[in-house]
Amino acid sequence: MRIGIIGAGSIGTILARRLARVGHVVSVANSRAPETVNAAALSTGATAVWAAEAITGAEVVIVSVNMGQIPSVADLVSEAPAEAIIIDTSNYFPFRDGVIDGLGDGQTESLWVQEQYRRPIVKAWNTITTASFADKATEPGTPGRIALPVVADDDAQRAVGMTLVEQNGFDAFDAGMIADSWRQQPGTPAYTTDLTADQLPAALAKADASAAARRRDLMIQILDERTEAEGRMPGPAFQLALTRALFQ
């Protein structure tokens, strides 16, 4: 498939590298010029382009930017080919993204994203940390393989999203419709807790919309305090233990 990726941060870089490796024609863009795209994103054959070029002729457009940046790319994404599938990886963190009207305690973030893009979306890759995404990809059937939920209102689009998740080294779990995607937002039991396909359904079912934002903010507070005390961000093992303790 022809895949355009908007956003060349940590997740976008890994996606570009892995999707090109399995044979997709991948174009990747950041908010600046093509020559500023991380070389790691291009190491398996992806091409750095201007953002407008990333959507040209794309069958899939993956948007991997902070939620606060979505309004700045919304018009561009809305101009992707009519048949293109739009996949969003974002999460809302008010400390980083600012307070966004229409989002807060309990609101479904992906519904807001769809309104910005004026397009249906697939939600994927938002429930895993960069460290786990980089280091814990495995082959199908591997014991303990991490599963990632995928939601979309269109069954065919959801199936494409699930295929791409599998090609990145994770089990894809059909988590239903966009209206249910609040169950995989920050602060819920499925968020960055590295669950298997057997564990994920119960975690999604256990999600509490009224508590998620508070738990999300508590996670950030603890990480900030630990970072200040130690002079560095806690490592992946601490972060995983923390999210499991707070969210599950």
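These figures come from a predicted structure and were not determined experimentally.
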Determine the minimum heavy-atom distance between Ile146 and Leu148, stating which atoms define it. CG2-CD2, 4.0 Å
Thr142 (side chain) donor-acceptor with Thr138 (main chain) under 3.5 angstrom: no
Ser110 side, atom OG; Gln184 side, atom CD - distance, nearest 0.5 Å: 7.0 Å
Strictly distance-based, threshold 3.5 Å: is any side-chain N or O of Asn91 a donor or acceptor partner for the main-chain N or O of Asn126? yes
Would Phe95 end up clustered with Ile100 when hydrophobic side chains under 4.5 Å apart are linked, directly or stepwise? no
Would you find a donor on one side and an acceptor on the other, under 3.5 Å apart, between the side chain of Arg2 and the backbone of Val25? no
Does this structure show an ion pair linking Glu166 with Arg145, if we count only N-O contacts that are shorter than 4.0 Å? yes
Just so I know, are the side chains of Leu246 and Leu218 near enough to count as touching, which here means a heavy-atom distance under 4.5 Å? yes
Donor-acceptor under 3.5 Å (Thr13 side chain, Ala8 main chain): yes
For residues Ala58 and Ala84, report the shortest heavy-atom separation together with the two atoms involved. O-CB, 3.4 Å
Candidate pair Val122 and Val150, rule side-chain contact (heavy atoms from CB on, under 4.5 Å), full reasoning: CA-CA 7 Å; Val122 178; Val150 180; 3.6 Å; yes
Does Phe170 share a hydrophobic cluster with Val22, counting links as ILVMFWY side-chain heavy atoms below 4.5 Å and allowing steps through other members? no
Partner set under side-chain contact (heavy atoms from CB on, under 4.5 Å) for Thr130, not counting sequence neighbours: Ser10, Ile11, Ile14
Measure the shortest side-chain to side-chain distance between Val151 and Arg158 over non-hydrogen atoms and say whether it is less than 4.5 angstrom. no
Taking atom CD of Gln116 and atom CD1 of Ile121, what is their separation to the nearest 0.5 Å? 10.5 Å
Check ring-ring contact (aromatic ring centres under 6.0 Å, His included) between Tyr92 and all other residues, then give those that pass, not counting sequence neighbours. none
Just jot down the side-chain hydrogen bond (donor to acceptor under 3.5 Å, both in side chains) partners of Glu115, sequence neighbours excluded, or say none. none
Only distances under 3.5 Å count here; give the side-chain donor-acceptor pairs of residues 60-71 to other protein atoms, sequence neighbours excluded, each with its distance to 0.1 Å.
residue	atom	partner	partner atom	Å
Ser64	OG	Thr89	OG1	3.1
Asn66	OD1	Arg96	NH1	3.4
Gln69	OE1	Asn66	N	3.0

Do we see a donor-acceptor contact under 3.5 Å between the side chains of Ser210 and Asp208? yes
Hey, what do you get for CG (Asp224) to CE (Met219), rounding to the nearest 0.5 Å? 9.5 Å
Do the side chains of Trp125 and Met162 join up, straight or via other hydrophobic residues, at under 4.5 Å, putting them in one cluster? yes
Ser181 and Thr108 have their tightest heavy-atom pair at OG-CG2, 3.3 Å
Ignoring hydrogens and geometry beyond distance, is a side-chain donor-acceptor pair present between Thr196 and Asp171 at under 3.5 Å? no
With the side chain counted from C-beta on, respond yes when Glu109 and Ser90 share a heavy-atom pair under 4.5 Å apart, and no when they do not. no
Any chance CD of Glu139 has more than 12 other-residue heavy atoms, nucleotides or ligands included, within less than 6.0 Å? no
Under a single-linkage definition using a 4.5 Å side-chain heavy-atom cutoff for Ile, Leu, Val, Met, Phe, Trp and Tyr, are Ile5 and Val49 assigned to the same hydrophobic cluster? no
Do Phe93 and Asp217 come within less than 4.5 Å of each other through their side chains, counting heavy atoms only? no
Check the pair Ile87 / Leu164 against side-chain contact (heavy atoms from CB on, under 4.5 Å), numbers first and verdict last. CA-CA 10 Å; Ile87 304 180; Leu164 297 178; 3.9 Å; yes
Ionic contact status for Arg118 with Asp75, cut-off 4.0 Å: yes
Find the distance between CD1 (Ile128) and OG1 (Thr193) and round it off to the nearest 0.5 Å. 10.0 Å
For the backbone of Ile86 and the side chain of Arg119, can you confirm whether one donor and one acceptor N or O come within less than 3.5 Å of each other? no
Quick one: list whatever passes side-chain contact (heavy atoms from CB on, under 4.5 Å) with Ala213, sequence neighbours left out. Asp105, Arg216
Hey, could you give me the CG/CG distance between Asp174 and Asp155, rounded to the nearest 0.5 Å? 7.5 Å
Are the side chains of Val28 and Leu42 in touch, meaning some heavy atoms are under 4.5 Å apart? yes
Mind listing the closest non-hydrogen atom pair of Pro189 and Ala207 along with its distance? CD-CA, 3.8 Å
For the residue pair Ala190 and Ala203, what are the closest heavy atoms and their distance? N-CB, 4.1 Å
Short side-chain to backbone donor-acceptor contact, Thr44 and Arg17, under 3.5 Å: yes
Side chains of Thr192 and Phe247 in contact at under 4.5 Å (non-hydrogen atoms): yes
Judged by atom type as modelled, is there a donor-acceptor pair below 3.5 Å linking the side chain of Arg183 to the main-chain atoms of Leu204? yes
What pair of heavy atoms forms the shortest contact from Pro81 to Ile55, and how long is it? CD-O, 3.1 Å
Tell me, do Leu223 and Pro234 make a side-chain contact under 4.5 Å, heavy atoms counted? yes
For Glu228, what residues pass the salt bridge (charged side-chain N to carboxylate O under 4.0 Å, His left out) criterion, not counting sequence neighbours? none
Would Arg18 and Phe133 count as a side-chain contact (heavy atoms from CB on, under 4.5 Å) if you check the C-alpha gap in whole Å, the side-chain angles of each, and the deciding distance to 0.1 Å? CA-CA 11 Å; Arg18 289 183 179 159; Phe133 196 41; 3.7 Å; yes
NZ/Lys206 to OG1/Thr188 distance, rounded to the nearest 0.5 angstrom? 11.0 Å
According to a hydrophobic-cluster definition based on side-chain heavy atoms being under 4.5 Å apart (Ile, Leu, Val, Met, Phe, Trp, Tyr only), do Trp182 and Leu195 belong together? no
Full working for side-chain contact (heavy atoms from CB on, under 4.5 Å) between Asn168 and Leu15: CA-CA 7 Å; Asn168 269 265; Leu15 286 169; 3.6 Å; yes
Quick check against the 3.5 Å criterion: does Lys136 have a side-chain atom that pairs as donor or acceptor with the backbone of Gly169? no
Flag, side chain of His24 to backbone of Ile3, donor-acceptor distance under 3.5 Å: no
